[in-house]
Undergrad: 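The structure follows.
Quick note: numbers below take in every heavy atom, side chains included, and nothing from hydrogens, waters or symmetry partners. A, B, ... follow the sequence lines: proteins, then strands. Residue 1 opens every chain. Please read all numbers here as calculations on a predicted model, not as lab measurements.
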There are 2 protein chains.
Amino acid sequence: MAKTHRVGYQKIKALVMQSIRNGTWGPGALVPGEVDLAVQYGCARATVNRAMRELAEEGIIDRKRKAGTRVKQSPIRQAKFSISVIREEIETSGAAYRYMLVNRMQSTAPSWLCAKLDLKPTDQVLQLHCMHYSDKRPFQYEDRWINLSAVPNAADIDFETIGPNEWLVREVPFSDVELKFSATRATNTLADFLDCAVDDALFTVERTTWLNGTNLTFARMYFGVGYQLATKL
Amino acid sequence: MAKTHRVGYQKIKALVMQSIRNGTWGPGALVPGEVDLAVQYGCARATVNRAMRELAEEGIIDRKRKAGTRVKQSPIRQAKFSISVIREEIETSGAAYRYMLVNRMQSTAPSWLCAKLDLKPTDQVLQLHCMHYSDKRPFQYEDRWINLSAVPNAADIDFETIGPNEWLVREVPFSDVELKFSATRATNTLADFLDCAVDDALFTVERTTWLNGTNLTFARMYFGVGYQLATKL
DNA sequence: GAGTGGTCTAGACCACGGT
DNA sequence: CCGTGGTCTAGACCACTCC
């Protein structure tokens, strides 16, 4: 008789998903404990544990010690985006990447930035305006602020040939990142740089980066018209 | 002698991250194999494996059999968004949720939709226009198409009191989702429903859902002015 | 072929948190 | 308290892939 292939965690995940979908364990239902499932499916508890842990990470179930495992009311999955360096994103698409520094200015932090990044009004910041092109077509306009109190050696870089994004990722360690996605109505300046009409809608990403509680940098990135950030899950 | 607390996988992750950040293993470098690390850190290989597996999932390292583990050129983390049911998103923020059906229409699939979703021109689709409010303020305008060939029982729902998003998530199993984020310039209709000016920039999400290769539904969701999708990582 | 990661097992101890 | 998930171990076999 064919020995049934060893039962793996992926198989378990599939079986559990099936039981959830076909209503055996409806939303909110209490799923049997790991030991029971291990017996039922004929595998080790560790295998069940891995399957259930991943389902929990994916947002399908809720697990609590003692309380057990329950199916979520709305089994919603999480989207994952790889936030890459812009040069890589463009080159991956097969286009040629070009970078241009528009403007570089050192000053004390404006008040709105102080509030946003928790800086002192006397802190020095470096402001950069940059353009990123994909095959000579405008791809992204970057408005970057670097906290020189936290990243002093940025003051010595001219950023003429390397973008701040790429330099920072390579040179400066960070611990936390916040991303905010939104839409921006194109101003005259933006329309000019991104070669679009005034009032066009621009997909916008704000990125803030910290190292252990102190802010390193803040950037607003405006993408050209028609840009879409896509993900499969 | 104080027995050093048992070495856990989180500790290993932290140690590896530290070695990457301080340059011990620079971008592209080959990280020692699991057995070596297990000896070095004084734990079982399974523990190292879990740590490295998670770092790989987070996009910090690349792992290949035989080739070994390498630090990614740009150790960038992935953003995670929990894509929730809109009602839950609003209610979590403490506001009251209100839903309104604007329009419901059954017809054959228009050609652009056929192309997008791989439908036949004779396929029946259900089109819905809906509004979602947060504390009576316009929050999202939803333009939804449901493939009735794949979800026939949607034809029997009037969607007057429950949104298609919520109904679908609850009633219809799916296997794949694609999300696209972009920006849209407000038309007269959108400005009217979302209570904003014509030409305002609207954050937009397109969501396409499949079950084992056949498309179930496609939706374009326009958010009110000022909406930001945020994530920390 | 041989080295590396991928996975499974059987058993154990621990920590959280309902009861 | 004590059941449940969370984690670790030591050992094993497998599968992929580079050489």
Undergrad: Please determine if a side-chain N or O atom of Tyr9(B) lies less than 4.0 Å away from the OP1 or OP2 oxygen of dT7(D).
TA: yes
Undergrad: Salt-bridge test for Arg207(B) and Glu178(B): reply yes if a basic N is under 4.0 Å from a carboxylate O, no otherwise.
TA: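 Between Glu178(B) and Arg207(B) there is no salt bridge, as every charged N stays at least 4.0 Å from the carboxylate O atoms.
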Undergrad: Starting at atom CG of Leu30(A), determine the distance to atom P of dG3(D), rounded to an integer number of angstrom.
TA: 15 Å
Undergrad: Where each residue is assigned the nucleotide of DNA chain C containing its nearest heavy atom, which of Lys64(A) and Ala44(A) is assigned the position nearer the 5′ end?
TA: Ala44(A)
Undergrad: Could you give the CZ-to-P distance, from Arg45(A) to dT7(C), as a whole number of Å?
TA: 19 Å
Undergrad: State whether Thr47(A) places a side-chain N or O below 4.0 Å from either non-bridging phosphate oxygen (OP1 or OP2) of dT9(C).
TA: yes
Undergrad: Could you tell me the separation between the CZ atom of Arg65(B) and the C1' atom of dG1(C), rounded to a whole number of Å?
TA: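 The distance from CZ of Arg65(B) to C1' of dG1(C) comes to 17 Å, rounded to the nearest Å.
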Undergrad: Below 30° counts as parallel, above 60° as perpendicular, anything between as tilted: where do the rings of Trp112(B) and Phe218(B) land?
TA: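 Trp112(B) vs Phe218(B) ring planes: perpendicular.
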Undergrad: Using whole Å, what does the distance between atom C1' of nucleotide dC16(C) and atom CG of Asp62(A) come to?
TA: 16 Å
Undergrad: What is the separation between atom CG on Asn49(B) and atom C1' on dC8(C), rounded to the nearest whole Å?
TA: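 For the pair Asn49(B) CG and dC8(C) C1', the rounded distance is 11 Å.
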Undergrad: Within the pair Thr69(A) and dG5(D), is there a side-chain N or O less than 4.0 Å away from OP1 or OP2?
TA: yes
Undergrad: Without decimals, in angstroms, what is the distance between Ile61(A) CD1 and dG6(D) P?
TA: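 Computing the Ile61(A):CD1 to dG6(D):P distance gives 9 Å.
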Undergrad: At under 4.0 Å between heavy atoms, what does Ala46(B) touch on the DNA or RNA strands: base, sugar-phosphate, or nothing?
TA: base
Undergrad: Measuring to OP1 and OP2 of dT7(D), would you say a side-chain N or O of Arg50(B) lies under 4.0 angstrom away?
TA: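 Checking Arg50(B) against dT7(D): at least one side-chain N or O falls below 4.0 Å of OP1 or OP2.
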Undergrad: Which residue is it: Ile20(B), Ile12(B), Val16(B), Val71(B)? I am looking for the one with a side-chain contact (heavy atoms from CB on, under 4.5 Å) to Leu55(B).
TA: Val16(B)
Undergrad: Starting at the 5' end of DNA chain D, which residue's closest nucleotide do you reach first, Lys66(A) or Cys43(B)?
TA: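 Per heavy-atom nearest nucleotide, the more 5' residue is Lys66(A).
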Undergrad: Does this structure show an ion pair linking Arg53(A) with Glu58(A), if we count only N-O contacts that are shorter than 4.0 Å?
TA: no
Undergrad: According to a strict under-4.0 Å criterion, is Arg63(B) in side-chain N/O contact with OP1 or OP2 of dG6(C)?
TA: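 For Arg63(B), the contact criterion (side-chain N or O under 4.0 Å from OP1 or OP2 of dG6(C)) is met.
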Undergrad: Looking at Glu54(A) and Arg50(A), does any basic side-chain N land under 4.0 Å from a carboxylate oxygen?
TA: yes
Undergrad: Rounded to whole Å, how long is the line connecting atom CD of Glu34(B) with atom C1' of dC13(D)?
TA: 15 Å
Undergrad: Using whole Å, report how far CZ of Arg70(B) lies from C1' of dG5(C).
TA: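 Nearest whole value for this atom pair: 14 Å.
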